Protein chains: 2
Amino acid sequence: MKELEDRIRQDGIVREGNVLKVDSFLNHKCDVALYDQMGAEWARLFEGKKVDKILTIESSGIGIACVAATHFHNAPVVFARKTESKNLDGEQYRTQIKSYTKGRTYEVIVAKRFLERGEHVIILDDFLAMGCALNGLLEICEEAGVVVEGIGIAIEKGFQPGGKSLRERGYQVESLAIVSGMNAETGEIDFA
Amino acid sequence: MKELEDRIRQDGIVREGNVLKVDSFLNHKCDVALYDQMGAEWARLFEGKKVDKILTIESSGIGIACVAATHFHNAPVVFARKTESKNLDGEQYRTQIKSYTKGRTYEVIVAKRFLERGEHVIILDDFLAMGCALNGLLEICEEAGVVVEGIGIAIEKGFQPGGKSLRERGYQVESLAIVSGMNAETGEIDFA
């Protein structure tokens with residue numbers, strides 16, 4: 001999606017260790033008009049798919065998913081919550097997610113009553129790199145018995161294995177910008 | 001706002017200790033059509049105000065604020081981030097927020113470059129009870145030198161002191177539903 005690539009080139013900041021900072025429009029300050037364009041593009045890419053619900057993960061996915069939902073007939077958005085609580089009441093799907101950026105593992109939960117067996121969902125998130133967050137969400141989807149119609153990503157780091165692995169497993173992964181390489185010294189960012 | 005009160009009556013769950021669970025439409029599963037109505041109502045209530053930016057706090061505020069922003073000419077949304085990192089580089093406004101619900105204090109940050117001195121903001125959030133989160137955001141606003149044009153809240157617990165205190169300090173607080181009392185035994189919820 002040209003608007004997103006242009007914006008990443010213009011405002012993205014490349015840091016050592018393959019870090020791409022896009023907090024000025026995507027995940028701290030939020031450009032809602034851009035979110036709306038992204039939602040329209042995902043709606044085009046997933047046209048014809050049944051979408052009962054949109055699944056995402058806190059925090060950066062929430063705003064993107066909620067604005068995008070307006071392009072999916074206001075499908076309800078469910079966001080997986082990060083938690084530290086040891087709630088073992090069985091009312092929640094739980095999975096462990098490793099964050100390479102933050103160097104730690106955290107647990108996310110989704111209340112069981114918010115994913116109904118047989119319903120069709122798309123998963124939306126801001127970033128795809130190693131694919132850890134998505135694998136966690138997919139585990140929850142499998143346990144819940146929902147049909148994953150597709151995965152929409154704002155920015156995929158194409159030089160990391162997450163996207164390739166998910167596509168090999170048969171998922172329709174629609175990344176609006178795929179970064180093929182970036183250079184922390186020059187600030188240059190290339191797209192696939 | 002009648003639609004929100006009706007929805008709270010229908011789907012809200014009252015628990016001991018003045019806990020009102022609204023996770024089936026407001027802050028875990030998100031009813032985006034309702035968010036849109038809420039945004040339209042805040043736009044009406046804050047009509048004529050200059051709104052350069054919308055400030056909120058992760059996580060539950062983000063979706064609400066991003067959808068509401070579409071009713072404020074797509075004003076950018078900045079959300080305060082909860083953090084555990086000890087970043088002392090001076091590039092962030094920081095404040096401590098006490099959570100009565102969770103029984104602990106956490107720190108939130110806003111990058112300084114995302115709040116510009118003299119700009120006009122409204123603050124949006126899902127809940128107002130003791131007012132701790134809002135007081136934290138207001139401290140950040142004061143430090144940043146931004147003008148707070150108003151505070152929009154989905155659900156205010158009118159029997160707790162946060163709203164009264166903010167209004168006494170001169171803020172225009174627009175709560176779309178003000179709960180005046182609730183009963184964990186009967187499940188009854190009254191509105192002001």
Side-chain angles (χ1 to χ4, degrees), chain A residues 11 13 21 23-39 53-85 91-92 101-104 106 108-116 126, chain B residues 11 13 21 23-39 53-85 91-92 101-104 106 108-116 126:
Chain A
D11 293 329
I13 298 167
K21 276 190 73 153
D23 59 352
S24 63
F25 59 96
L26 201 71
N27 52 21
H28 184 11
K29 179 177 164 189
C30 311
D31 183 333
V32 175
L34 180 66
Y35 283 14
D36 192 56
Q37 289 178 301
M38 290 161 50
K53 216 164 260 177
I54 294 173
L55 181 64
T56 188
I57 184 166
E58 75 172 347
S59 291
S60 310
I62 301 173
I64 294 169
C66 285
V67 174
T70 63
H71 294 275
F72 289 88
H73 311 285
N74 285 331
V77 171
V78 173
F79 62 89
R81 284 188 162 281
K82 293 173 185 169
T83 177
E84 289 152 26
S85 69
E91 291 172 1
Q92 294 159 336
T101 323
K102 295 187 179 160
R104 63 184 186 90
Y106 56 95
V108 302
I109 59 153
V110 174
K112 287 190 176 175
R113 64 203 160 104
F114 299 149
L115 287 177
E116 288 162 46
D126 59 340
Chain B
D11 293 329
I13 298 167
K21 276 188 74 149
D23 58 353
S24 63
F25 58 97
L26 201 71
N27 52 22
H28 184 11
K29 179 177 164 190
C30 311
D31 183 333
V32 175
L34 181 65
Y35 284 12
D36 192 56
Q37 290 178 299
M38 289 160 52
K53 216 165 261 176
I54 295 173
L55 181 65
T56 188
I57 184 166
E58 75 172 345
S59 292
S60 310
I62 302 172
I64 293 168
C66 285
V67 174
T70 63
H71 294 275
F72 289 89
H73 312 285
N74 285 329
V77 171
V78 173
F79 61 90
R81 285 189 161 281
K82 294 172 185 170
T83 177
E84 288 151 27
S85 69
E91 290 172 1
Q92 295 158 335
T101 323
K102 295 187 178 158
R104 64 184 185 90
Y106 56 95
V108 301
I109 58 152
V110 174
K112 288 191 176 174
R113 64 204 159 103
F114 298 149
L115 288 177
E116 287 162 47
D126 59 340

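Lettering follows sequence order; numbering is per chain, from 1. Keep in mind that what you see is a predicted model, and the values were worked out from it rather than measured.
Interface summary for chain B: among A:A75, A:C66, A:P76, the most heavy-atom pairs under 4.5 angstrom belong to A:C66.
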Verdict with supporting geometry, B:T70 and A:D36, side chain to side chain contact (heavy atoms under 4.5 Å, CB included): CA-CA 9 Å; B:T70 63; A:D36 192 56; 5.6 Å; no
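Qualifying side-chain contact (heavy atoms from CB on, under 4.5 Å) partners for A:A65, counting only residues two or more places apart in sequence or in other chains: A:I54, A:T56, A:V77, A:L124. Not counting sequence neighbours, the partners of B:H28 by the side-chain contact (heavy atoms from CB on, under 4.5 Å) test are A:V78, A:R81, A:V110, A:A111, A:F114, B:D23.
The part of B:I109 that comes within reach of chain A is its backbone (N, CA, C, O), which places non-hydrogen atoms under 4.5 angstrom from that chain. For A:Y35, the part lying under 4.5 angstrom from a heavy atom of chain B is the side chain only.
At distances below 3.5 Å, at least one donor-acceptor pair connects side-chain atoms of B:E58 with backbone N or O atoms of B:K82.
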